[in-house]
2 protein chains.
Amino acid sequence: MVRGEQTVFIADDHQIVRDGLRALVERAPGLRVIGEAADGRALVEGVRALHPAIVITDLAMGELNGVDATRQLRAGGFRGPIIMLSMHDERRHLAQALGAGVNAYVHKAHAFEQLLEAIGAAQHGRIWLSPQLAALAEEGRVATLLELLSMREREVLQLLAQGRGTKEVAAQLLLSPKTIEVHRLNLYAKLRVNNVIELARIAFREGLVQL
Amino acid sequence: MVRGEQTVFIADDHQIVRDGLRALVERAPGLRVIGEAADGRALVEGVRALHPAIVITDLAMGELNGVDATRQLRAGGFRGPIIMLSMHDERRHLAQALGAGVNAYVHKAHAFEQLLEAIGAAQHGRIWLSPQLAALAEEGRVATLLELLSMREREVLQLLAQGRGTKEVAAQLLLSPKTIEVHRLNLYAKLRVNNVIELARIAFREGLVQL
DNA sequence: GCGCGTCCTAAGGAACTTCCTTAGTCCCCG
DNA sequence: CGGGGACTAAGGAAGTTCCTTAGGACGCGC
């Protein structure tokens, strides 16, 4: 499956990180970087224009995150390996990333060799995960606090944690403020807190809202 | 001032980033990486043991951050260039970083060439800053958000961000709830927000309260 | 020393939010 | 088809927030 040279497209919102990845990838035999992007939107466009064989993308990026970009790439017909890099070991994003169609999920704290291993595995149609994440993924699922919540509740929690008041959230979701109040009270009950700040704190801690 | 070969020590909490930096640094003539560390504590030890000519360190690291590590390196007699890398353009950390004794402050969104430029400048005893930061630094000081606040205000902010209500904070500080309300309103004005959650978010972001 | 600004304190009262309860619809699971 | 959760929303009491006003303390400059 490995042909003479595989073309690679890199997406990460920090140029120094892209520079570093490019240097590392080009040192690997059989890989050549043909393009890069600083956010998900640019990644999707770049892939559409340049048809790389392999995509390496960061999870957290401005404009469009790696998971959503992956979804768009797959929807757009891209079938090559997509390797997702993550910053923190965001177990909460793993399932989403796999659901979106990534072939490998590599923590930035790992060595570059693992990334190459992930590329190799992906080329052979396998899914590659960082060892500790693989364990998690196999033993079923990791229940996060947020999984206790319904879609709507997560949505409300997210908006509240972004500093929106009850009325504003209601306006945004086209609901009555009274409904949002009930969702808030249910969130307090489910997350065992009793004020909005603790709620926001959980949203920050669980990565639902960027600090 | 540039001798045959300059030894470099790299600190960053993500190994892939370290790998990338190492690849880039080693591609530059006259630079050789002699060690690396994943946190500030290991950086300080590594420098003590290996005596590198140049240190490149990330700002945000577990155990001991880049700024505090820099302070320790300078206190321990290290006189070579220390190049600080930052993730976000954390203007609030710039002043502290310079105060701690870094020679250059480079945003990760910049190209690696800027890092080399920074190293060159530092070797000639100059301070190198990303252009947009240089403007800020020259016009005096970049005040940390929290430096705007009085002692009392920080105290109140901290308690509020811990999820305490106005009444509870008042009880704890032996003040009238009305007084706390006024402090809260002053905090809104000073930090340019208009609800407690944004206030809490600042407290988390600035590290006043542990998430 | 006098004015100025800032900090810290606190009250009144209008405006608004929160809490709690009740309740209707929908849809899935057994 | 009944129970249960999700989602919606209203009424009304209780509580909080916002805004304004205000007084004493302290330091800063002239």
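Letters A, B, ... mirror the listed sequences (proteins, then strands); counts begin at 1. Just so it is clear, the structure is predicted and the values come from calculations on it, not from any experiment.
Every pair passing salt bridge (Lys or Arg N to Asp or Glu O under 4.0 Å) that includes a residue from residues 167-182 of chain A is listed here, sequence neighbours excluded: A/Lys178-A/Glu181. Screening residues 151-181 of chain A for ring-ring contact (aromatic ring centres under 6.0 Å, His included), with sequence neighbours left out, gives no hits.
Put simply, A/His183 has a side-chain N or O that comes within less than 4.0 Å of OP1 or OP2 on D/dT8. Listed pair A/Lys178 / D/dT8 fails the phosphate criterion, with no side-chain N or O lying under 4.0 Å from OP1 or OP2.
A search for salt bridge (Lys or Arg N to Asp or Glu O under 4.0 Å) contacts involving A/Glu45 returns nothing, not counting sequence neighbours. Listed by chain and residue number, nothing satisfies the salt bridge (Lys or Arg N to Asp or Glu O under 4.0 Å) test with B/Asp19 (two or more places apart in sequence, or in another chain). Partners of B/Arg18 under the salt bridge (Lys or Arg N to Asp or Glu O under 4.0 Å) rule, at least two apart in sequence or in another chain, are B/Glu36.
Going from atom CG of B/Leu199 over to atom C1' of D/dC18 covers 15 Å, rounded to whole Å. We find that CG of A/Leu149 is positioned 15 Å from P of D/dG5, with the value rounded to whole Å. Separating the CG atom of A/Leu173 from the P atom of D/dC7 is a distance of 11 Å, rounded to the nearest angstrom. As rounded to whole Å, 11 Å separates atom C1' of D/dA9 from atom CD1 of A/Ile180. Here the C1' atom of nucleotide D/dT17 and the CG atom of B/Asn194 are 12 Å apart, to the nearest Å. With rounding to whole Å, A/Asn186 atom CG is found 11 Å from D/dG5 atom P.
Ring geometry for B/Phe204 versus A/Phe204: interplanar angle over 60°, hence perpendicular rather than tilted (30 to 60°).
Along DNA chain C, the nucleotide closest to B/Glu181 and the one closest to B/Met151 are compared, and the more 5′ of them pairs with B/Met151. In terms of position on DNA chain C, the residue among B/Leu174 and A/Leu185 whose nearest nucleotide sits closer to the 5' end is B/Leu174.
Here A/Ser176 lies in heavy-atom contact (under 4.0 Å) with sugar-phosphate atoms only. Residue B/Thr166 is classed as a sugar-phosphate contact, given heavy-atom separations below 4.0 Å to backbone atoms only.
A nucleotide of DNA chain C counts as in contact with chain A when one of its atoms lies under 4.0 Å from a heavy atom; the first and last such, 5' to 3', are C/dT17 to C/dC20.
Heavy-atom minimum distance, A/Phe78 versus A/Val47: CD1-CG1, 3.6 Å.
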